[in-house]
Number of protein chains: 2
Amino acid sequence: MATRKVADNGGGEHRPAKRDPEGVRRDILSAAMEEFSLNGLSGGRIDEIAARTRTSKRMIYYYFGDKERLYERVLEEAYGKVRGGESDLGLDALEPVAALTKLCRFTFDHHRANPAFIRMVMIENIHHGRHLQHSETIRGLNRPAIEALETVLLRGQAEGQFRKGLEALELHWQISALSFFNVSNRATFTAIFGDGLFAGDGQEQLSRHVAEMVLRYVLTPDHVGAIAATGE
Amino acid sequence: MATRKVADNGGGEHRPAKRDPEGVRRDILSAAMEEFSLNGLSGGRIDEIAARTRTSKRMIYYYFGDKERLYERVLEEAYGKVRGGESDLGLDALEPVAALTKLCRFTFDHHRANPAFIRMVMIENIHHGRHLQHSETIRGLNRPAIEALETVLLRGQAEGQFRKGLEALELHWQISALSFFNVSNRATFTAIFGDGLFAGDGQEQLSRHVAEMVLRYVLTPDHVGAIAATGE
DNA sequence: CCTCATATTAACCAACCAGTACAGAACGCC
DNA sequence: GGCGTTCTGTACTGGTTGGTTAATATGAGG
């Protein structure tokens, strides 16, 4: 029974199986993510997080200090896990219209696939973004998205397909709004209007229409016609 | 000192100044709205609500039973106060394009003007809309918005300005998304990208562009050109 | 095998907070 | 002015919960 050696933890790593501080940290963080994203900062219970962990409550305080700081780390983690993505879409290889379409659909689907992240952002907004300002790490993280969009935009304008006077930041805002709302407000929207937009192929259609909406907004009037064929 | 008569409460009403149950109810509800919309359901403190009231904590329980039911009443109140609006926009008197534009801009501005409502909806979504399903009252409340939109849509299609194959519900979803996100995610968006879209004339421009985006989505390709003149 | 920093556990505590007991005031009605 | 009902203030409580204390286990370096 006294298996007190450097046991393999299944991953093939030569890390110690027992005494695995980094593992404990990640374990706590992931449990905390579940709990906080589900119940919010004030609603999340430290004891509940501890229960989800394979260690004890004391460890949470040992590694993270207090509830607030744990929450902040979870928030950073959430942003961190979701970042990137846009970078390796290979948008530069596509023509502007296809690139923008792909970006829209990716964003929509990506949000949809990461409800925990969405919920963390919702919660953070409830708290007026107080903890986000606190953390330097996150701010620089979302710039790439804007830059990628900016590039596509410029290319489209250069080729005469996209209108002048568009701002990448604003367009990002619009794409985000449509993609974010889809996840964040699903519960109330469904409760009021039914789940028609969420069940069956509703989401697939929404995804396509969001991209189409952005496209129609961006294209010059005489290029809009061409999209109709692509859309349906 | 024994001023135990039906004193005038300053408003000139002939209601009893003392013993005003309905007044107390409303007082509690409005205090609770502030507290809940600010701090959420689990974050909101009954004692804090009581402190904001001119009565005591006991009254909250006397009139509303418990925290959860108080929250539900606040939620209903929030939806109730915001409803209507669309009804008396006089959209029928306008031509379709103008009507849709007005509806978009109204929705955007209306959301913007009612952050407490937005926050209540955010909070309710965090709770998976559990309390909303609970309450029968609210569900029927937002139908008029859809119907108004549907009417405009049909008229626009009849006149050949709007494309076929559009759904009022989906369009409502899109308008809501753009208007809601603007308020709900302001904090995190500002923290990451700065307040360019929110300060100065940023909001006015966003409002116009949201309407424009919806219009461009809805119009047939050969009617899009006309909008450019209106937009700028 | 001794030592020290790191990591971990179980039991504990004090504050907070939703909800209540109870006593009593104000009102409507006769 | 008695009487039942509706309403209100004070003081309290019991459970929850964030956070801690003190003691101990573990591994690395000497």
Side-chain angles (χ1 to χ4, degrees), chain A residues 1-9 13-29 31-32 34-36 38-74 123 127 131, chain B residues 1-9 13-29 31-32 35-36 38-74 127 131:
Chain A
M1 275 299 169
T3 65
R4 54 129 176 77
K5 36 59 188 158
V6 189
D8 193 310
N9 53 2
E13 306 277 341
H14 53 78
R15 248 182 308 111
K18 276 179 138 171
R19 280 305 177 94
D20 177 13
E22 200 45 45
V24 171
R25 266 185 93 92
R26 272 185 287 112
D27 188 24
I28 292 174
L29 263 177
E34 275 184 52
E35 174 69 5
F36 280 135
L38 197 61
N39 300 321
L41 171 52
S42 39
R45 298 283 162 251
I46 294 281
D47 288 292
E48 185 57 32
I49 294 172
R52 281 188 215 263
T53 315
R54 67 181 120 80
T55 67
S56 67
K57 176 159 79 158
R58 185 63 185 80
M59 286 299 91
I60 296 172
Y61 289 96
Y62 183 74
Y63 282 117
F64 296 96
D66 61 9
K67 195 187 186 185
E68 198 105 354
R69 269 180 288 173
L70 173 60
Y71 169 82
E72 281 170 15
R73 289 305 316 265
V74 168
I123 289 160
H127 292 281
H131 314 86
Chain B
M1 275 299 171
T3 63
R4 56 130 174 76
K5 35 60 194 163
V6 188
D8 193 310
N9 54 1
E13 307 276 340
H14 54 79
R15 246 184 309 113
K18 278 177 135 170
R19 280 306 178 93
D20 177 13
E22 200 45 45
V24 171
R25 266 185 93 91
R26 273 184 287 112
D27 188 24
I28 292 174
L29 264 178
E35 175 68 4
F36 280 135
L38 197 61
N39 299 322
L41 172 52
S42 38
R45 298 283 163 248
I46 294 282
D47 288 291
E48 185 56 33
I49 294 172
R52 281 187 214 263
T53 315
R54 65 181 123 83
T55 66
S56 68
K57 177 159 78 158
R58 183 68 186 78
M59 289 298 92
I60 295 173
Y61 288 97
Y62 183 75
Y63 283 117
F64 296 96
D66 62 7
K67 195 187 186 185
E68 198 106 355
R69 270 180 287 176
L70 173 60
Y71 169 82
E72 280 170 14
R73 290 304 318 266
V74 168
H127 292 281
H131 314 86

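These numbers come from the heavy atoms of this one structure, side chains and all, not from hydrogens, waters or symmetry mates. Throughout, a chain's letter reflects where its sequence line sits, starting with A, and its residues are numbered from 1. Note that the structure is predicted; figures quoted are calculated from it, not measured.
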Requested in this report: With sequence neighbours left out, write down each residue that passes ring pair (Phe, Tyr, Trp, His ring centres under 6.0 Å) with B/His131, or none if nothing qualifies.
Outcome: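 In terms of ring pair (Phe, Tyr, Trp, His ring centres under 6.0 Å), with neighbours along the sequence ignored, B/His131 is linked to B/Tyr71, B/His127.
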
For atom [atom1] of [X] and atom [atom2] of [N], their distance in whole Å:
X	N	atom1	atom2	answer
B/Met59	D/dT10	CE	C1'	12 Å
A/Tyr62	C/dA10	OH	C1'	17 Å
B/Arg69	C/dA18	CZ	P	15 Å
A/Arg58	C/dT6	CZ	P	14 Å
B/Ile60	C/dG19	CD1	P	11 Å
B/Asn39	C/dC16	CG	P	16 Å
A/Asp27	C/dT8	CG	P	11 Å

Report task. Output every pair passing salt bridge (Lys or Arg N to Asp or Glu O under 4.0 Å) with a member in residues 38-49 of chain A, not counting sequence neighbours, ordered by first then second residue. Result ->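 Listed once each, the pairs are A/Asp47-A/Lys57.
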
Report task. Using the salt bridge (Lys or Arg N to Asp or Glu O under 4.0 Å) rule, collect all pairs that involve residues 62-72 of chain B, keeping only residues at least two apart or in two chains. Result ->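 Passing the test, one end in residues 62-72 of chain B: B/Asp66-B/Arg69, B/Glu68-B/Arg130.
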
Close N or O pairs between protein and nucleotides 17-19 of chain D (under 3.5 Å):
unit_1, atom_1, unit_2, atom_2, d
D/dT17, OP1, A/Arg45, NE, 2.6
D/dG18, OP1, A/Gly44, O, 3.3
D/dG18, OP1, A/Arg45, NH1, 3.0
D/dG18, OP1, A/Lys67, NZ, 3.3
D/dG18, OP2, A/Ile46, N, 3.0
D/dG18, N7, A/Lys57, NZ, 3.3
D/dG19, OP2, A/Lys67, N, 2.9
D/dG19, N7, A/Lys57, NZ, 3.1
D/dG19, O6, A/Lys57, NZ, 2.6

Requested in this report: For A/Phe64, answer base if it contacts any base atom (sugar-phosphate contacts may also be present), sugar-phosphate if it contacts only those atoms, and nothing otherwise; contact means non-hydrogen atoms under 4.0 Å.
Outcome: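 Contact class for A/Phe64: none.
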
Query raised in the report: Between C/dT8 and A/Tyr63, is there an OP1 or OP2 to side-chain N/O distance shorter than 4.0 Å?
Result: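 Yes, because at least one side-chain N or O of A/Tyr63 sits under 4.0 Å from OP1 or OP2 of C/dT8.
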
Query raised in the report: According to a strict under-4.0 Å criterion, is A/Ser56 in side-chain N/O contact with OP1 or OP2 of C/dT9?
Result: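 Checking C/dT9 against A/Ser56, a side-chain N or O does come within under 4.0 Å of OP1 or OP2.
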
**Report entry** Any pair counted as ring pair (Phe, Tyr, Trp, His ring centres under 6.0 Å), so long as it reaches residues 43-70 of chain A, sequence neighbours left out
**Finding:**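 For residues 43-70 of chain A: none.
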
Requested in this report: Please round to the nearest 0.5 Å and tell me the distance separating atom CZ of A/Arg52 and atom CD of A/Glu34.
Outcome: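 That separation rounds to 4.5 Å.
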
**Report entry** Partners passing side-chain hydrogen bond (donor to acceptor under 3.5 Å, both in side chains) against B/Arg54 (at least two apart in sequence or in another chain)
**Finding:**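 So B/Arg54 forms no side-chain hydrogen bond (donor to acceptor under 3.5 Å, both in side chains) with any residue.
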
